[in-house]
Amino acid sequence: MTSDNDRRRGLLARLRGRPAARSRGRRRLGAAVRLFAALMLAGGAYTVFAPGAQAQDNPPLTGAAAEGKALFDVSCVTCHGRNAQGVEGRGPSLIGVGAASVEFQVSSGRMPLARQEAQAHRKPPLFTDEQTRQLAQYIQELGGGPVVPEGDELREGGNVAAGGELFRINCSQCHAFGGGGGALSSGKFAPSLRPATDRQIYAAMLSGPQNMPVFGDNQLRPEQKADIIAYIQETLKHDQDPGGFNLGRYGPSTEGLAIFLVGIVALVFASLWIAGKS
């Protein structure tokens with residue numbers, strides 16, 4: 001009798017446990033479906049809103065920069081890459097160089113390069129002033145960097161005397177005391193300053209092209225840059241060479257060579273002539 005009762009109780013317990021097990025299975029299945037739906041919803045939301053976030057990180061170009069990009073894609077992309085990130089063996093990255101570097105290189109005709117050499121040579125510019133500013137604005141908006149102040153007369157208010165002292169301390173070692181330039185190592189050279197404009201000189205100080213060091217506002221304040229430009233433009237370029245032939249204004253090297261070749265040789269011939277007469 002007891003055995004029959006136990007069997008009935010066990011059967012009833014099993015029957016009561018099956019619905020409970022089925023209920024737990026349904027809850028687990030429902031939780032998995034809800035989790036999957038939540039993941040799908042999150043993925044869809046990311047797909048919808050991610051382009052908007054990216055667009056905010058990369059704002060659209062201004063009108064001048066858009067014009068500059070069109071010029072860049074035609075004339076510069078081969079060496080500097082589609083996004084100005086540079087091409088190995090052809091050209092460096094332009095991200096972060098700033099508008100000043102572009103303005104110096106392009107306005108002086110050094111870029112685009114005619115051929116790969118130790119140093120880019122000055123030549124007639126390929127782009128107009130407006131196109132140069134557009135290219136510079138495009139590179140500026142890509143990665144930022146130093147910018148040349150507005151205006152063409154950047155020497156206004158400059159102190160010529162102070163500029164001469166700064167030039168002799170910071171610039172004459174390479175560009176010579178007369179601004180005629182000079183030779184450097186490995187086939188490079190410091191160019192003559194005679195053709196340079198105010199903006200080109202200022203841009204060169206900010207960007208440090210070729211072997212030139214960078215003279216940022218921490219090294220030379222903007223008013224000191226104006227002093228140097230005033231000295232170059234108002235003194236060096238208008239010096240009438242009161243001493244006579246300027247010998248290219250390359251400094252004491254050419255002067256010493258001229259003294260040796262002309263003066264010493266003349267003295268030797270004069271001594272021989274006097275000896276022959278006596």
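Count residues from 1 along the sequence. When reading the values below, keep in mind they use all heavy atoms of this one structure, side chains included, and skip hydrogens, waters and symmetry mates.
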Between [Y] and [X], is there a side-chain heavy-atom distance shorter than 4.5 Å?
X: T62; Y: E141; result: yes
X: T132; Y: V102; result: no
X: Y138; Y: L71; result: no
X: L236; Y: F167; result: yes

Keeping [X] on the side-chain end and [Y] on the backbone end, is there a donor-acceptor pair under 3.5 Å?
X: S186; Y: K188; answer: no
X: E67; Y: Q134; answer: no
X: Q131; Y: T128; answer: yes
X: R82; Y: V77; answer: no
X: E103; Y: S101; answer: no

ask   = Is it true that L193 and Y202 fall in one hydrophobic cluster, defined by side-chain heavy atoms closer than 4.5 Å?
value =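 In one cluster with L193: Y202, yes.
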key: Same apolar cluster: M212 and L113, side chain cutoff 4.5 Å   = no
Expected list for residues 155-166: side-chain donor-acceptor pairs under 3.5 angstrom, two or more places apart:
from	atom 1	to	atom 2	distance (Å)
R155	NH1	E153	OE1	3.4
R155	NH1	D198	OD1	2.8
R155	NH1	D198	OD2	2.9
R155	NH2	E153	OE1	3.4
N159	OD1	A161	N	3.0
N159	OD1	A162	N	3.1

request  = Step by step, work out the side chain to side chain contact (heavy atoms under 4.5 Å, CB included) result for F215 and L206.
outcome  = CA-CA 6 Å; F215 294 98; L206 286 178; over 6 Å; no
ask   = Charged N to carboxylate O below 4.0 Å: is that the case for E223 and K225?
value =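 Salt bridge absent between E223 and K225.
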key: Basic-acidic side-chain contact under 4.0 Å: R221, D217   = no
query = Can you tell which of L220, N170, V148 makes a side-chain contact (heavy atoms from CB on, under 4.5 Å) with M205?
reply = L220
message = Within the 3.5 Å criterion, strictly below it, is a donor on R110 or S108 matched to an acceptor on the partner's side chain?
response =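 R110 vs S108: donor-acceptor pair found between side chains.
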task = Identify, with sequence neighbours excluded, every residue that meets side chain to side chain contact (heavy atoms under 4.5 Å, CB included) alongside V214.
result = none
request  = Measure the spacing between CD of Q105 and CZ of R122 and express it to the nearest 0.5 Å.
outcome  =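 Reported value, rounded in 0.5 Å steps: 11.0 Å.
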ask   = Are the aromatic rings of F189 and H175 close, with centres under 6.0 Å apart?
value =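 No: the rings miss the under 6.0 Å criterion.
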